[in-house]
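Take a look at the structure set out below.
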Amino acid sequence: MLDHRSVNENLEEVKARLAQRNAQVDWDRFSSLIAERSQAIQAFEQRRHEQKTKSTEFGRYARDPEEGPKRRAELKELSDLIKDLEKRQGDLEAELEEFMLHLPNVPHSSTPVGGGEEDNVVVRTVGEPGSYDFEPKAHWDVGTDLGIIDLETATVVSGSRFVLYRGMGVYLELGLAMFMLDVAREAGYEPVMPPYLVLRDAMVGTGQLPKFEEDAFKVDDYFMIPTAEVPVTNMHRQTILEEEQLPIKYVAYSSCFRREAGSAGKDTRGITRVHQFQKVELVKFTRPEDSYEELEKLTANAETVLQRLELPYRVSALCTGDIGFSAAKCYDIEVWLPGQRLYREISSCSNFEDFQARRANIRYRPAGDKKPKTRFVHTINGSGLAVGRTIVALLENYQQADGTVTIPPALQPYLGGKKVIRRGEW
RNA sequence: GGAGGAGUGGCCGAGUGGUCGAAGGCGACGGUCUUGAAAACCGUUGACUCUUUACGGGGUCCGGAGGUUCGAAUCCUCUCUCCUCCGCCA
């Protein structure tokens with residue numbers, strides 16, 4: 001959420017910046033809300049002050065047969081008026097809050113300006129796509145032939161857009177997760193396994209709600225997490241941290257659940273877009289002045305996984321038209337998939353600045369000075385990595401002509417020393 | 001699920017209708033004293049928000065929401081969380 005005061009102070013600039021990300025905003029409504037709210041608050045507070053003064057004074061006259069009833073009646077009238085004023089103030093504040101919750105974040109100055117995916121900027125390409133003396137297959141063929149990905153059975157059990165891993169597919173999933181956790185641990189992240197069901201407030205805190213409710217699965221009053229970013233970022237909601245604690249770094253392993261509303265027909269083959277997948281997520285809480293440096297580091301931490309797995313990839317800076325609702329800056333890490341001959345997103349690393357912190361009310365107290373005012377932290381997160389898509393990348397990049405898949409050395413210790421995945425072996 | 005109990009400032013803990021944002025203690029910070037430190041003593045010490053160039057002046061918040069009242073930390077209703085006992089359970 002943006003701060004309505006600073007938006008109001010920099011109105012023209014914010015208008016222009018949000019227009020770059022194609023946000024439709026009723027700015028006239030914003031301006032009138034600001035004015036009405038301020039007016040309502042002042043009216044209420046003025047009367048409230050009057051009431052406090054007179055009520056205290058009333059104590060002296062309460063039992064006076066002359067003054068008592070007279071003053072009581074007068075105060076009753078004032079009290080009724082105040083109730084109306086208070087309600088009006090509350091209504092306006094709620095309306096402004098609702099308005100602000102629907103505004104996306106302002107893109108950072110380093111975010112490329114552009115209308116859509118085609119305007120994203122590749123900032124680096126790492127590793128060379130391998131060469132194959134046969135036609136590399138897509139992962140759905142490789143995985144199905146090996147018997148480690150069973151899409152047909154998943155459909156029987158749960159319908160479309162689900163995956164069922166079996167045999168070595170299971171160990172691949174868990175081994176990769178452990179490997180990624182270790183990479184993050186080396187970089188100083190504390191491991192977390194969060195709840196998969198969260199309160200509505202948590203979803204509002206990280207920006208999934210109220211605007212994107214149709215994207216989430218709901219169970220009773222709970223929401224199923226679309227990413228561990230939600231429970232992990234909200235670990236510190238409504239709290240004031242000490243500056244010495246920052247940066248706080250967590251790595252979480254969790255399943256993620258997404259409706260994939262609005263992506264009908266997109267990526268229907270294979271396991272790149274399913275309703276449930278697992279992901280290792282990196283989350284940081286930092287001082288504002290450090291957040292962009294920390295974003296670079298976090299992105300590098302995610303890249304380490306690909307480098308050790310020796311998978312070719314590239315990193316793109318998303319443009320203003322393609323960036324997520326809550327993000328000010330975002331890098332996508334895309335892994336090369338020879339079977340499909342394309343780069344596919346495997347991680348998305350974003351700096352939200354204080355956008356989430358303001359929603360979830362996550363602050364810190366600067367060290368040093370006598371009476372430091374609390375400030376909002378900056379939050380950063382990124383996948384490190386999406387496990388399912390990493391399996392996709394391994395299957396497509398390490399497939400052999402005979403249908404087997406070799407396991408990169410860095411991962412072998414996590415798979416009991418196994419070097420090759422063969423059909424029927426687990 | 002049933003029966004009790006409890007939620008107050010960074011922490012502990014008083015406070016059952018008015019002058020309470022809230023005693024007292026601890027902690028932290030500043031100062032006096034000291035060669036230095038400790039002790040002692042004095043002082044400061046919540047968040048948010050409106051208004052103001054500034055100085056300042058208001059308002060809100062005692063788990064949350066609503067209600068009663070001229071006036072609520074205090075009374076009422078609902079709700080959330082935690083603790084104890086019983087039941088159930090991976």
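- Separation of the C1' atoms belonging to G13(B) and U53(B) is 44 Å when rounded to the nearest angstrom.
- Annotation: ring pair (Phe, Tyr, Trp, His ring centres under 6.0 Å) contacts involving residues 138-158 of chain A, sequence neighbours excluded, are absent.
- In this structure, U74(B) makes no Watson-Crick or G-U wobble pair, since no nucleotide meets both defining distances under 3.5 angstrom.
- Going from atom CD of E50(A) over to atom C1' of G71(B) covers 14 Å, rounded to whole Å.
- Residue R363(A) contributes atom CZ, which lies 8 Å from atom P of U49(B) at whole-angstrom precision.
- A 3.5 Å limit on both hydrogen-bonding distances identifies no Watson-Crick or G-U partner for A54(B).
- On the C1' atoms, C62(B) is 26 Å away from G43(B), given to the nearest whole Å.
- Under the 4.0 Å criterion applied to side-chain N and carboxylate O atoms, R287(A) and D290(A) are assigned as salt-bridge partners.
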Under the side chain to side chain contact (heavy atoms under 4.5 Å, CB included) rule, what do F285(A) and I362(A) come out as? Steps first, then yes or no, please. CA-CA 9 Å; F285(A) 301 80; I362(A) 307 168; 3.9 Å; yes
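- Remark: C1' of G18(B) and CD of E57(A) are 13 Å apart, rounded to the nearest angstrom.
- Of the C1' atoms belonging to A72(B) and U8(B), the separation is 14 Å, rounded to the nearest Å.
- The partner of G7(B) is C80(B), by the rule that a Watson-Crick or G-U pair needs both atom distances under 3.5 Å.
- Each of Q42(A) and T56(A) lies near RNA chain B, and the nucleotide nearest T56(A) is the one positioned closer to the 5' end.
- At a threshold of 4.0 Å, the pair E93(A)-R37(A) counts as salt-bridged, since one of the basic side-chain nitrogens sits closer than that to a carboxylate oxygen.
- The partner of G1(B) is C86(B), judged by Watson-Crick or G-U wobble contacts that both fall below 3.5 Å.
- Here the P atom of nucleotide C50(B) and the CG atom of L85(A) are 18 Å apart, to the nearest Å.
- Partner assigned to A28(B) is U44(B), using Watson-Crick or G-U wobble distances below 3.5 angstrom.
- Annotation: side chain of K137(A) is in contact with side chain of Q399(A) (closest heavy-atom distance under 4.5 Å).
- If you take CD of E9(A) and C1' of C50(B), they are 14 Å apart, rounded to a whole angstrom.
- Rounded to the nearest Å, the gap between the C1' atom of A14(B) and that of A23(B) is 6 Å.
- In this structure, L394(A) and V405(A) approach most closely via the heavy-atom pair O-CG1, 3.9 Å.
- When the C1' atom is compared between G27(B) and C83(B), the two are found 26 Å apart, to the nearest whole Å.
- Atom C1' of G21(B) sits at a distance of 15 Å from the matching atom of G58(B), rounded to the whole Å.
- In this model, no donor atom of one side chain and acceptor atom of the other lie less than 3.5 Å apart for R5(A) and N8(A).
- Taking atom CG on D3(A) and atom C1' on U49(B), their separation rounds to 12 Å, with Å as the unit.
- For A47(B), the OP1/OP2 oxygens have a side-chain nitrogen or oxygen of R365(A) closer than 4.0 Å.
- If you check C33(B) for Watson-Crick or wobble pairing at under 3.5 angstrom, you find it has no partner at all.
- Taking the six-membered ring wherever Trp is involved, the centroid distance between the rings of H108(A) and Y292(A) falls below 6.0 Å.
- The gap from the C1' atom of U60(B) to that of C20(B) amounts to 15 Å, rounded to the nearest Å.
- With P as the reference atom, G66(B) and A54(B) are 33 Å apart, rounded to whole Å.
- Taking atom NZ on K373(A) and atom P on G46(B), their separation rounds to 13 Å, with Å as the unit.
- For F355(A) and F325(A), the ring centers are positioned less than 6.0 Å apart.
- Rounded to whole Å, atom P of C48(B) lies 10 Å from atom CZ of R5(A).
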Can you give one letter per nucleotide of nucleotides 53-70 of chain B, going 5' to 3': B for a protein heavy atom under 4.0 Å from the base, S for sugar-phosphate only, - for none? -----BSS---------B
